[in-house]
Protein chains: 2
Amino acid sequence: MAPPNSDVGDVQRGAGRPRDPRIEQAALAAARELLVEVGYARLTVAAVAGRAGTTKAALYRRWPSLPHLVYEAAFPDDLLKDWHLGADLRADLLGIVVGTRDAFTTPVAAAALPGLLAEFSTHPVLHNALLSRFASVFEAIDDRLRDAATAGEVKAEARSEDLLRLMIGAALIGVLLGPETLDDAWAARITDILLEGIRP
Amino acid sequence: MAPPNSDVGDVQRGAGRPRDPRIEQAALAAARELLVEVGYARLTVAAVAGRAGTTKAALYRRWPSLPHLVYEAAFPDDLLKDWHLGADLRADLLGIVVGTRDAFTTPVAAAALPGLLAEFSTHPVLHNALLSRFASVFEAIDDRLRDAATAGEVKAEARSEDLLRLMIGAALIGVLLGPETLDDAWAARITDILLEGIRP
DNA sequence: CCGATTACGATACTCTTGGTTCCGTATTCG
DNA sequence: CGAATACGGAACCAAGAGTATCGTAATCGG
């Protein structure tokens with residue numbers, strides 16, 4: 001299970017000189033900066049190492065490849081918070097839409113997302129890592145929808161997985177096409193469509 | 001305006017030896033095959049040239065870069081057809097959902113899409129080229145929605161751009177997560193959600 | 001304190017690949 | 001015929017991912 005580390009990479013040390021923890025942070029910070037400055041395509045390991053004040057070897061000691069580093073830099077563990085579901089159904093759905101949008105429209109996330117999506121076919125580990133980020137969301141929305149169904153608020157056949165995919169897809173398309181249109185009014189409109197779409 | 005060629009690349013010739021038209025076709029076919037066989041990440045120019053029975057130079061004479069070639073191979077002009085909108089609104093929307101899904105779940109399109117999305121930040125030309133593929137769709141759905149609104153079938157505030165993005169996003173997410181779930185039942189469910197979501 | 005182990009910075013290195021250039025030859029236009 | 005362009009073939013260049021080596025530093029177990 002490994003200690004409270006990240007989704008990817010890293011093993012456990014027993015003896016020998018310990019890793020300098022400041023390097024890990026410096027590397028992630030450098031990657032974030034460079035992602036925004038030069039974009040995913042022009043991001044090089046040497047540049048990250050240089051800005052972090054270390055060397056490529058130190059980075060490859062921590063991450064198996066550049067995409068792994070980028071993933072951890074752009075999608076830290078706490079990116080998706082819990083949204084205290086359970087209040088008004090519309091508020092709950094809106095919260096998920098807004099939360100997904102916010103997670104994707106961070107400058108660093110927006111810069112990293114297209115490139116990472118492309119790497120997913122080559123690095124299934126990363127694919128699963130990002131998916132697992134949404135696992136808790138899926139479960140939450142699934143429960144919430146079930147409750148709403150028994151309460152007669154939504155159709156019984158409504159599938160939480162359809163709903164979640166529509167939400168994520170809308171946010172993703174927005175990022176790929178230009179996040180300037182993803183304002184709060186957009187979130188409200190999307191939420192309304194989806195909510196009305198699953199009412200009985 | 002250039003002759004009836006493709007969205008990207010190509011200029012006009014006046015004198016000199018004409019290009020062998022079979023090379024263009026052979027290259028596109030080779031690219032399609034290799035995309036499916038090895039994926040976008042492992043697709044190399046040399047491999048395409050080799051399988052097409054020509055050389056890199058001949059390819060770079062036709063396309064400014066590998067992504068341009070891949071784009072033309074994976075998203076030919078006739079990929080998105082018109083759907084004879086105007087009948088039943090639900091049938092029209094379902095047609096768009098199914099059409100988008102089909103366009104994205106082609107083996108070659110599914111293999112090329114993630115990689116191309118990543119290149120869009122580096123090659124705005126490609127970005128616009130793919131977007132223009134949907135321009136006609138957008139216009140058609142916009143008109144159709146306006147008619148439906150005056151007929152009282154949908155809300156007046158319903159935005160065709162929201163609808164189209166939800167459709168494309170859902171199909172895209174499906175491809176990125178695994179197209180095996182995008183069957184006709186899926187298309188029907190998505191269509192129902194969206195349709196009910198914009199009813200008055 | 002000692003040996004084993006691992007990390008560190010620095011550097012050099014290998015290998016792949018996108019893209020360019022040059023060659024001699026072939027084809028078309030005017 | 002001459003200018004222009006394409007062709008296959010091959011060499012070439014530059015960049016960058018990832019690996020390896022070296023001398024040094026830090027930590028652990030004994």
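The sequence lines fix the lettering, A, B, ..., with proteins before strands; numbering per chain opens at 1.
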*Asks:* From C-beta outward on A:Arg62, which listed nucleotide comes closest to its side chain: C:dA7, C:dG9, D:dG18?
*Replies:* C:dA7
*Asks:* Taking atom types as modelled, find out whether A:Ser160 and A:Arg144 have a side-chain donor-acceptor pair closer than 3.5 angstrom.
*Replies:* no
*Asks:* Residues of residues 41-51 of chain B with any non-hydrogen atom less than 4.0 angstrom from an atom of DNA chain C: list those, numerically ordered, please.
*Replies:* B:Leu43, B:Thr44, B:Val45
*Asks:* For a quick test of reading the model, state the closest non-hydrogen atom pair linking B:Leu166 to A:Ala170 and the distance between them.
*Replies:* CD2-CB, 3.8 Å
*Asks:* Side-chain heavy atoms under 4.5 angstrom apart, residues restricted to Ile, Leu, Val, Met, Phe, Trp, Tyr: same cluster for B:Phe138 and B:Val98?
*Replies:* no
*Asks:* In whole angstrom, what separates A:Lys56's NZ from C:dT14's P?
*Replies:* 14 Å
*Asks:* Without decimals, in angstroms, what is the distance between B:Asp20 CG and D:dC7 P?
*Replies:* 7 Å
*Asks:* Salt-bridge test for B:Asp88 and B:Arg90: reply yes if a basic N is under 4.0 Å from a carboxylate O, no otherwise.
*Replies:* no
*Asks:* Does the side chain of A:Arg22 get closer than 4.0 angstrom to OP1 or OP2 of C:dC8 through an N or O atom?
*Replies:* no
*Asks:* Tell me the interatomic distance from A:Arg19, atom CZ, to C:dG9, atom C1', rounded to whole angstroms.
*Replies:* 16 Å
*Asks:* If you measure from the Lys or Arg side-chain nitrogens to the Asp or Glu carboxylate oxygens, is any gap between A:Asp184 and A:Arg189 under 4.0 Å?
*Replies:* no
*Asks:* Nearest whole angstrom, please: distance from the P of C:dT17 to the CG of B:Leu59.
*Replies:* 16 Å
*Asks:* Charged N to carboxylate O under 4.0 angstrom, B:Glu37 versus B:Arg51?
*Replies:* yes
*Asks:* Let's see if you can work this out: which of C:dC8, C:dG9, C:dG19 has an atom nearest to the side-chain heavy atoms of A:Thr54?
*Replies:* C:dG9
*Asks:* So how far is it from B:His127 NE2 to B:Thr122 OG1, rounded to the nearest 0.5 Å?
*Replies:* 11.0 Å
*Asks:* Would you compute the distance between atom CD of A:Glu24 and atom CG of A:Leu69 and round it to the nearest 0.5 angstrom?
*Replies:* 9.0 Å
*Asks:* To check you understand the geometry: which heavy-atom pair defines the closest contact between B:Pro114 and B:Ala110, and what is its length?
*Replies:* CD-O, 3.2 Å
*Asks:* Starting at CH2 of B:Trp63 and ending at C1' of D:dA6, how long is that distance when rounded to a whole Å?
*Replies:* 14 Å
*Asks:* Starting from the 5' end of DNA chain C, give me the residue, A:Thr55 or B:Tyr60, whose nearest nucleotide shows up first.
*Replies:* A:Thr55
*Asks:* Distance check needed: C:dC8 C1' versus A:Glu24 CD, whole Å only.
*Replies:* 15 Å
*Asks:* Just by protein heavy atoms under 4.0 Å, how would nucleotides 21-30 of chain D read 5' to 3' in B, S and -?
*Replies:* ----BBBS--
